[in-house]
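Beneath this line is the structure, given in structure tokens, with notes to follow.
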Amino acid sequence: MQNELPDRAEEILEVVHAIPAGRVMTYGDVGERVGDRGPRFVGNVLRRFGSDEPWWRVLRADGSAPPPLADEALARWRAEGTPLRRLAHDAADVRVDLGRARWDAGEWTAPWEG
DNA sequence: GTGCTGACACAGG
DNA sequence: ACCTGTGCCAGCA
């Protein structure tokens, strides 16, 4: 029988699930970790199946969250103490400090690998 | 099959 | 820091 999920989708969700609280990965990072199908695919999988996963720990390469989820993501980041930085000229534009919060999934062994 | 869209990334200007 | 164009790849009309 065939999996309901697209190939790699399950692995993407596993990686997201493994990101520690207060840390983040970019869409590109996750994509590369599971065998790159492109960052857009990661976003697509999260949108469709990621509602039960910590999706706010996955963001764009510049540290910002996707616009539709900005409010929710910001609340989550604050709640779990994710390192943030806001641009000096716009107090409303708050992003994750990738330099400090970016998580290296290389330290982690995925279920399908072990 | 063809073409557009998207929770993206990167290089230019 | 901003906006624009181009590259990618999967999903859907």
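Letters go in sequence order (proteins before strands), and every chain restarts at 1.
- Dashed line: the shortest gap from a side-chain N or O of A:Arg40 to OP1 or OP2 of C:dC9 is not under 4.0 Å.
- Partner of A:Val30 under the side-chain contact (heavy atoms from CB on, under 4.5 Å) criterion, chosen from A:Leu13, A:Ile12, A:Leu46, A:Asp36: A:Ile12.
- Rounded to whole angstrom, the span from the CE atom of A:Met25 across to the P atom of B:dA9 amounts to 12 Å.
- With DNA chain C read from its 5' end, the first of the two nearest nucleotides for A:Asn44 and A:Pro39 is the one closest to A:Pro39.
- No donor-acceptor contact under 3.5 Å links the side chain of A:Tyr27 to the base of B:dA9.
- A salt bridge links A:Arg33 with A:Glu113: the distance from a Lys NZ or Arg NE/NH1/NH2 to an Asp or Glu carboxylate oxygen falls below 4.0 Å.
- Distance CZ (A:Arg95) to P (B:dC8): 13 Å, rounded to an integer number of Å.
- Set against C:dA10, B:dA7, B:dC10, the side chain of A:Ala61 has B:dC10 as its closest nucleotide.
- The listed nucleotides are C:dG11, B:dA7, B:dA9; the one nearest the side chain of A:Thr26 is B:dA9.
- Here the P atom of nucleotide B:dA9 and the CZ atom of A:Arg33 are 18 Å apart, to the nearest Å.
- Annotation: A:Asp71, atom CG; neighbour count of heavy atoms from other residues, nucleotides and ligands within 6.0 Å does not exceed 12.
- Rounded to an integer number of Å, the gap from A:Arg76 CZ to B:dA7 C1' is 16 Å.
- Of the two residues contacting DNA chain C, namely A:Gly38 and A:Arg85, the nearest-nucleotide position lying further toward the 5' end is that of A:Arg85.
- Atom CG in A:Asp36 sits about 11 Å away from atom C1' in B:dC8, given to the nearest Å.
- With a 4.5 Å cut-off on side-chain heavy atoms, A:Val24 and A:Thr82 count as touching.
- Nucleotide C:dA10 holds its P atom 15 Å from the CZ atom of A:Phe49, rounded to whole Å.
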Assess the residue pair A:Arg85 and A:Arg100 against the criterion (side chain to side chain contact (heavy atoms under 4.5 Å, CB included)); give the C-alpha distance rounded to whole Å, side-chain angles, the decisive distance to 0.1 Å, and a yes or no.
CA-CA 10 Å; A:Arg85 60 185 255 110; A:Arg100 290 193 294 156; over 6 Å; no
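- Within 4.0 Å of A:Arg57, counting heavy atoms only, lies no atom of the nucleic acid at all.
- Side-chain proximity of A:Arg60 to the nucleotides B:dA9, C:dA10, B:dA7 is greatest for B:dA9.
- A:Asp62 has its CG atom 10 Å from the C1' atom of B:dA9, to the nearest Å.
- Each of C:dG11, B:dG6, B:dA7 was ranked by its minimum atom distance to the side chain of A:Arg48; first place goes to C:dG11.
- At least one side-chain nitrogen or oxygen of A:Arg37 sits closer than 4.0 Å to the OP1 or OP2 atom of C:dA10.
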